[in-house]
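This one's a predicted model, so the numbers in the text were calculated from it and none came from an experiment. Throughout, protein chains are lettered first and strands after them, A, B, ... in sequence-line order, and every chain is numbered starting at 1. Only this structure's heavy atoms are used, side chains among them; waters, hydrogens and symmetry mates stay out.
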There are 2 protein chains.
Amino acid sequence: MDGPPPPRVPTLADVAARAGVSTATVSRCLNAPDRVQKDTRDRILEAVKHLGYSPNFGARALAAKRTDTIGAIIPTMDNSIFARGLQAFQTALVDHGMTLLLASSSYRRDLEETQIRTLVARGADGLLLIGHDRDPALYDFLARHTVPVLVSWVFDPTQPRPSVGFDNRQAMAEMTHRVLAQGHRRLATISGYTSDNDRTRDRVAGVRDAMAEVPDCAPLNVVETRYGIETGARAFAQILAKTPETTAVICGNDLLALGAMRQARTMGLRVPQDISITGFDDMEIAVIADPPLTTVRVPHGDMGRQAASMLTEMVRSGTTPDTVALPCEIMERGSLGPAPRS
Amino acid sequence: MDGPPPPRVPTLADVAARAGVSTATVSRCLNAPDRVQKDTRDRILEAVKHLGYSPNFGARALAAKRTDTIGAIIPTMDNSIFARGLQAFQTALVDHGMTLLLASSSYRRDLEETQIRTLVARGADGLLLIGHDRDPALYDFLARHTVPVLVSWVFDPTQPRPSVGFDNRQAMAEMTHRVLAQGHRRLATISGYTSDNDRTRDRVAGVRDAMAEVPDCAPLNVVETRYGIETGARAFAQILAKTPETTAVICGNDLLALGAMRQARTMGLRVPQDISITGFDDMEIAVIADPPLTTVRVPHGDMGRQAASMLTEMVRSGTTPDTVALPCEIMERGSLGPAPRS
DNA sequence: TCGCACTATGCAAGCGCTTACATTGCGATT
DNA sequence: AATCGCAATGTAAGCGCTTGCATAGTGCGA
């Protein structure tokens with residue numbers, strides 16, 4: 001019936017021709033359907049379907065000055081912590097008609113900077129970033145390009161930028177309270193690197209906050225290391241070498257805690273009878289660790305979903321939302337027990 | 001010194017004006033630097049820097065008919081299996097000057113289809129997909145839009161599309177050989193859902209391949225379920241209810257295996273003395289499970305990096321590379337032991 | 001000295017879409 | 001019946017870049 005198939009990808013003009021209207025009407029029909037009459041719309045839609053038309057992205061971006069694309073830069077996808085939040089973020093973004101442009105920084109500030117510039121150059125309408133710590137020049141750059149930024153994974157109402165996240169400091173303070181409540185007074189912390197990272201800093205600060213309220217605490221032994229199981233194990237050994245009297249090790253994330261637990265076992269220490277260990281994140285495996293890990297449940301999913309809504313709103317309306325705080329929950333499980341009688 | 005800053009984002013024309021050349025020369029200078037003379041180039045680069053120029057993405061995409069963007073659709077980021085490969089993929093992509101557009105399908109065929117169309121509409125120059133199972137109409141669609149596709153996570157040279165991955169079937173057969181070598185003859189498998197998923201199908205097929213070489217095996221008890229720890233635990237209980245004589249449970253991934261191990265412990269079974277359990281993926285936690293999990297190490301990183309190179313090449317040169325097979329490695333650890341004397 | 005090959009640069013035509021503005025047609029208002 | 005307002009649609013001007021082709025400049029062999 002039909003002639004030979006069109007040799008090229010159909011354009012708006014092809015649709016317009018087939019429907020017997022102008023390209024403007026087709027464009028409107030696609031972007032604001034209620035601005036064209038029902039029968040015209042039907043005719044256009046038929047043409048669209050028949051031709052298999054799909055708008056050219058570049059042309060649309062050029063003319064409309066937006067891409068319906070949101071960029072996100074996370075430290076890493078390697079461990080599931082960020083991946084879970086990202087999954088929720090991406091899914092929600094799709095529901096809002098947005099697409100995710102993704103990059104990772106490997107926790108490196110210089111790389112993150114490059115990635116931010118790249119994503120903006122790639123036309124990201126808005127950006128999701130983790131944490132506030134960043135060169136002010138970068139924020140200037142983003143402002144100049146009028147790219148809205150939403151910060152996640154933290155809650156800090158004193159920052160000028162909106163964020164959606166949780167209060168790392170308070171969550172860790174709460175965890176530390178629980179540890180202290182078990183009678184522990186000789187604590188140590190295995191933390192991620194704190195330079196360029198407000199989240200890790202806040203977590204350590206939270207530990208200190210809680211300790212400050214109890215008079216007879218020994219000084220906190222803090223070891224900084226890269227996040228990971230192996231590094232957690234090594235850090236644990238280091239801690240016991242320096243302060244063997246430690247009865248509880250508060251870890252900056254679950255991976256570190258898992259490594260610490262393994263090392264404890266290796267060294268013949270029972271958890272929690274001889275030493276208590278806590279984590280942060282509540283990864284899926286926390287509950288099947290032996291003993292199950294006491295940790296902080298982070299609202300990954302809510303954070304991701306909220307971030308998607310907020311960013312979409314920011315991009316579409318140009319408004320700046322209020323910073324949102326999401327609650328964490330302490331999951332008390334087997335790895336935290338009473339302090340041993342010394 | 002300078003006048004008031006330009007009120008808007010600078011364009012090619014601004015750069016050209018400042019450098020005293022035409023926009024064509026600036027464009028060439030940016031895209032093929034060796035086609036303009038050194039001093040002209042320096043002048044242009046100075047102008048670029050001074051103005052803080054960065055090319056407009058939409059305009060470039062429209063004129064050049066490419067976006068330097070690669071789309072990837074993975075089943076989920078929720079578990080670290082895909083996330084790790086993706087991390088390597090993204091990093092390598094950046095090294096090739098490409099950017100990652102990401103979507104996830106939640107293992108749902110219909111969603112995946114939508115996402116594929118969306119990413120193409122968003123201007124992805126090429127696509128990374130997981131597994132071959134897909135509606136042929138989709139492949140037609142991609143061909144019509146001349147979007148090259150690379151399939152990953154599988155190795156199947158009989159498929160018309162290039163892929164980079166590993167042989168799920170052979171890897172699982174190899175694992176099963178190891179299990180059989182320990183004297184096990186009553187096996188069960190906890191598999192992910194096999195409909196629309198060639199990877200899970202291949203893994204089960206691998207188990208059967210190996211069993212076929214041994215005459216006295218009991219029939220294989222297969223339970224299909226969603227990937228996860230909880231679901232793995234439930235599936236394990238189901239298996240023991242139906243075939244309590246089972247001495248080894250071969251799981252389709254590590255999460256399932258971890259769940260199975262937990263359930264075994266709950267039911268008072270010792271691993272591996274009473275029952276052996278194996279996984280697939282070699283997630284980071286496999287080694288700290290108790291007992292450490294015998295599993296298949298999948299070359300996530302290599303796969304991601306290779307995929308990035310291959311796709312970039314496909315997009316840039318329009319060629320179709322050969323399918324690449326990457327080796328898996330069986331990690332024999334504590335969760336696999338000799339079959340108990342019955 | 002002339003012509004030729006070749007390089008560096010400019011000119012200008014799009015790429016396919018959105019949108020401000022203009023036009024048309026029709027019912028309601030006076 | 002003339003006028004006005006409004007809804008539906010058309011007209012056409014870009015959006016900022018790439019690239020085929022044209023043009024000018026340069027060095028070299030004959």
So, the side chain of E112(A) versus the backbone of P75(A): is there a donor-acceptor pair under 3.5 Å, distance only? no
So for the helix from dT1(C)-dA30(D) to dT30(C)-dA1(D), with five pairs setting each end axis, what is the inter-axis angle to 10°? 50°
Per-pair distances, 0.1 Å, donor-acceptor, side chain in residues 303-310 of chain B, under 3.5 Å, sequence neighbours excluded:
| residue | atom | partner | partner atom | Å |
| --- | --- | --- | --- | --- |
| R305(B) | NH2 | D302(B) | OD1 | 3.2 |
| S309(B) | OG | H96(B) | NE2 | 3.4 |
| S309(B) | OG | R305(B) | O | 3.3 |

DNA chain C-proximal residues of residues 32-40 of chain B, any heavy atom under 4.0 Å: V36(B), Q37(B), T40(B)
Does OP1 or OP2 of dG10(D) have a side-chain N or O of S22(A) closer than 4.0 Å? yes
Residues two or more places apart in sequence or in another chain: which of them pass side-chain hydrogen bond (donor to acceptor under 3.5 Å, both in side chains) with T25(A)? S22(A)
Sorted by chain and residue number, the salt bridge (Lys or Arg N to Asp or Glu O under 4.0 Å) partners of R117(B) (sequence neighbours excluded) come out as E113(B)
Interatomic distance where CZ belongs to F57(A) and P belongs to dC17(D) [whole Å]: 15 Å
Does the pair D39(B)/R43(B) count as a salt bridge with the N-to-O cut at 4.0 Å? no
State, with a plain yes or no, whether a side-chain heavy atom of F57(B) is found less than 4.5 Å away from one of T67(B). yes
Does any N or O in the side chain of D125(B) come within less than 3.5 Å of the main-chain N or O of R66(B), such that one atom is a donor and the other an acceptor? no
Which atom pairs link the protein and nucleotides 13-18 of chain C when you take only N or O atoms and keep those under 3.5 Å?
| residue | atom | partner | partner atom | Å |
| --- | --- | --- | --- | --- |
| dC15(C) | O3' | K65(B) | NZ | 3.3 |
| dC17(C) | OP1 | Y53(A) | OH | 2.3 |
| dC17(C) | OP1 | N56(A) | N | 3.3 |
| dC17(C) | OP2 | L12(A) | N | 2.3 |
| dT18(C) | OP1 | N31(A) | ND2 | 3.1 |
| dT18(C) | OP1 | R60(A) | NH1 | 3.4 |
| dT18(C) | OP2 | S27(A) | OG | 2.6 |

I116(B) versus L129(B): any side-chain heavy-atom pair under 4.5 Å? yes
Taking C-beta and beyond as the side chain, do R199(A) and I130(A) meet within less than 4.5 Å on heavy atoms? yes
Indicate the ring-plane relationship of F166(B) and W153(B), choosing parallel, tilted or perpendicular according to the 30° and 60° boundaries. perpendicular
